[in-house]
Amino acid sequence: MNKKFYITTPIYYVNASPHIGHTYTTVAADILARYHRMIGDKTFFLTGTDEHGARIEEVAKKAGKELQEFTDEIAASFQFAWDELNISNDRFIRTSEEGHKKVVQKALQKMYDNGDIYLGKHEGLYCKGCEQYKNEKDLVEGKCPDHKTVPEKMSEESYMFKLSKYKDELLKKIKKDEFKILPVEKKNEVISFYENEGLNDISFSRKNVKWGVKLPWDESHTAYVWSDAFLNYLTGIGWKGEIPPTPFSKGGNMEFWPADAHLMSKDILRVHATIWPAMLLSLGLDLPKTLFIHGYFMIDGQKMSKSVGNVITPNDLVKKYGVDGARYLVASAAVFGNDGDIGWGKFDEKYNADLANGIGNLLARSIALTEKLREAAVELQNKGENFQFSIFNFQTIFNDQILISKNWVDYNVLLDLIQIDKALEIIKLQVKFLDNYITATKPWELIKNKDEKSGGVMYNILERIRHIALMVYPFMPDTAEKIWESLGLNVQEEMSKKFDEAIKWGGLPVDTKVKKGEALFPRLEK
RNA sequence: CGCGGGGUAGAGCAGUUGGCAGCUCGCCAGGCCCAUAACCUGGAGGUCGUCGGUUCGAAUCCGACCCCCGCAACCA
């Protein structure tokens, strides 16, 4: 604890507006960032947009907009979406920012000076109509799908990066988990790629693309995708391009480097496992500790695509399920690291089951019971230790202090391993446990009979809900706050508690005044 | 032999240091009545894709085969 934690999402390419895929990565990163802040780590969470390249020139032109205007708009739509989803990023970086561009130039100059960038040739199939290179895979029957012409083989000068030079070193680090790739299937995939295909030097610049960062030693070229975009992970935390990097203690900004986790989906795994770390080696910087690769969403068994018309946007989700509902549904939609199949029907079902009938109803019934307790003029009592109730047809004795700390251990371990969906299961278990406990102890009867046990039973319930709220916080911050308020707790105070203290039994004062609030998650009818 | 993911109850999915097959939803029966028609219990329902192997024991390890889906496009 009290370590630093630096997490990133990829910077999203501004050729399209945010959808549920971007949302997935970003919400996951937010959950982890909030979790690490909660346990006391010094945390930095970076997201942003990637704005350069021929593709953007093309899309902006189609939209009839100036480049800067166009990218401003799309970047704003991402920022808006993340605000709406209560994303707690510390910074939103755009690669079109002057500061970023300057540092990219500095870094590339350094790589050029140390001999890792050299003038070579980029060869490819060039479509004159599109004014850009095409991959073979882009072509339909060998022709450009837009212009119905056969692109010609062209070769132009391009600065190349000596990627091949770093193959052995990177492979070794990947195998030894010094540069960790998770889940392990993805690590194996990368290793087999290294071993079977190796690494070739790659093109790092373009001559015919204007919308980009000019190479400082040859302004007729602009930096090509990776060479520009990857560096956001450094410029985003304030790196000014100093080599060696100036540590924070000496007035620099590198206290957060290396990144603890780069989150991303599988489409960009390969470049993140090759080009990016090679660039860092070339610059003499440490490699990120972990790449975590999550899966794709299918919508009701189909690929999500605009042409099918099944694209789900963050705004769609928030409108239907609220901010926290949206965050929960996305976070729990799949085993984190696997592909998932989602859809409105499944979301509705999960919303009602886990949120409305689960957490929401649990809080509502618990608060209502506590109010009855107050009417009966019985005080809450923290008896603190063993309490028992009969369940599953036998008498069970629970030591709640032990149970709770075991739950916390599981929760912490799972989140440290970036098992977001599994950590949510721990919360669901707690809810289930309490629903059981309430049914078994029948507090409404105890209260009616003025049974002396009632104060203790109700305390056990409310205190455990306090723990649930804390566990819920990284996933659904607003919900956690509402629960604290319902329990009569002060949100600021709860959030400023030291984690080790907060997870101990007994944090709820016995003289607390509970408050009935609006339903946390109104049930969706039908 | 391009790469990868997957085939487990009606639907959707968990489940590898191999050890009586689990979760959610739906269905049936019962309970409770504090709660958001909620919650709790019990039940029906599975030859864990097929065949073979290793093992005292395999959804899990090995081999072969069948089927589905990504890896190309606006798209994490």
For atom NZ of A/Lys186 and atom C1' of B/C3, their distance in whole Å = 11 Å
Whole angstrom value for the distance that separates P of B/G7 from CE of A/Met298 = 14 Å
Considering only atom P, compute the distance from B/C1 to B/U54 and round it to an integer number of Å.
-> 31 Å
Proximal nucleotide (of B/A76, B/G4, B/G12) relative to the A/Ser265 side chain | B/A76
Proximal nucleotide (of B/C74, B/G70, B/C40) relative to the A/Ser305 side chain = B/C74
Integer-rounded Å distance: B/C34 C1' and A/Leu434 CG = 14 Å
Would you say a side-chain N or O of A/Arg365 is under 4.0 Å from OP1 or OP2 of B/C33?
-> no
Determine the contact category for A/Val335: base if any of its heavy atoms lies under 4.0 Å from a base atom, sugar-phosphate if only primed atoms, P, OP1 or OP2 are that close, otherwise nothing.
-> sugar-phosphate
How would you label the contact of A/Ala368 with the nucleic acid (heavy atoms, under 4.0 Å): base, sugar-phosphate, or nothing?
-> sugar-phosphate
Which one, B/G15, B/U36, B/G12, comes nearest to the side chain of A/Arg523?
-> B/U36
Nearest-Å distance for atom pair CD1/C1', residues A/Ile181 and B/G4 = 15 Å
Using atom C1' of each nucleotide, how far apart are B/G12 and B/U55 to the nearest Å?
-> 34 Å
Candidate nucleotides B/C74, B/U36, B/C34, ranked by approach to the side chain of A/Lys306 - the nearest = B/C74
Interatomic distance at P, B/G26 relative to B/U41, whole Å | 15 Å
A/Ala229 and A/Thr95: which non-hydrogen atoms are nearest, and at how many Å?
-> CA-CG2, 4.4 Å
Out of B/A76, B/U36, B/C39, minimum distance to the side chain of A/Thr25 belongs to B/A76
Nucleotide of B/C75, B/U41, B/C34 approaching A/Ala16 most closely (side-chain heavy atoms) = B/C75
B/A9 to B/G49 separation - C1' atoms, rounded to the nearest Å | 16 Å
N/O (side chain, A/Asn338) to phosphate O (OP1/OP2, B/C13) under 4.0 Å | no
If you check the A/Thr439 side chain, which of B/A14, B/C74, B/C40 turns out closest?
-> B/C40
Out of B/C34, B/A76, B/G70, whichever nucleotide has its closest atom nearest the side chain of A/His22 = B/A76
Select one nucleotide: of B/U36, B/C40, B/C32, the one nearest the side-chain heavy atoms of A/Lys516.
-> B/U36
Which part of the nucleic acid does A/Phe193 contact within heavy-atom distance under 4.0 Å: base, sugar-phosphate only, or nothing?
-> nothing
Return the stems involving RNA chain B, sorted by first number, where pairs are Watson-Crick (N1-N3 with N6-O4 or O6-N4) or G-U wobble (N1-O2 and O6-N3), both under 3.5 Å, and runs are 3 or more long.
-> B:2-7 with B:66-71, B:10-13 with B:22-25, B:27-31 with B:39-43, B:49-53 with B:61-65
How many Å lie between NZ on A/Lys187 and P on B/C3, as a whole number?
-> 21 Å
Expected string for nucleotides 21-26 of chain B under the B/S/- scheme (protein heavy atoms, under 4.0 Å, primed atoms plus P, OP1, OP2 as sugar-phosphate) is ---SS-
Validation row, ring centre A/Phe292 to ring centre A/His262 under 6.0 Å = no
Residues A/Arg55 and A/Glu58 bridged, charged N to O under 4.0 Å | yes
Classify the nucleic acid contact of A/Ile20 as base, sugar-phosphate or nothing, counting any heavy atom under 4.0 Å across all strands shown.
-> nothing
A/Leu362 and A/Asp435 have their tightest heavy-atom pair at CD1-OD1, 3.6 Å
To the nearest Å, give me how far apart CG (A/Asp300) and C1' (B/C68) are.
-> 17 Å
Measure from the side chain of A/Arg55, starting at C-beta and using heavy atoms only, and say which of B/C75, B/C74, B/U36 lies closest.
-> B/C74
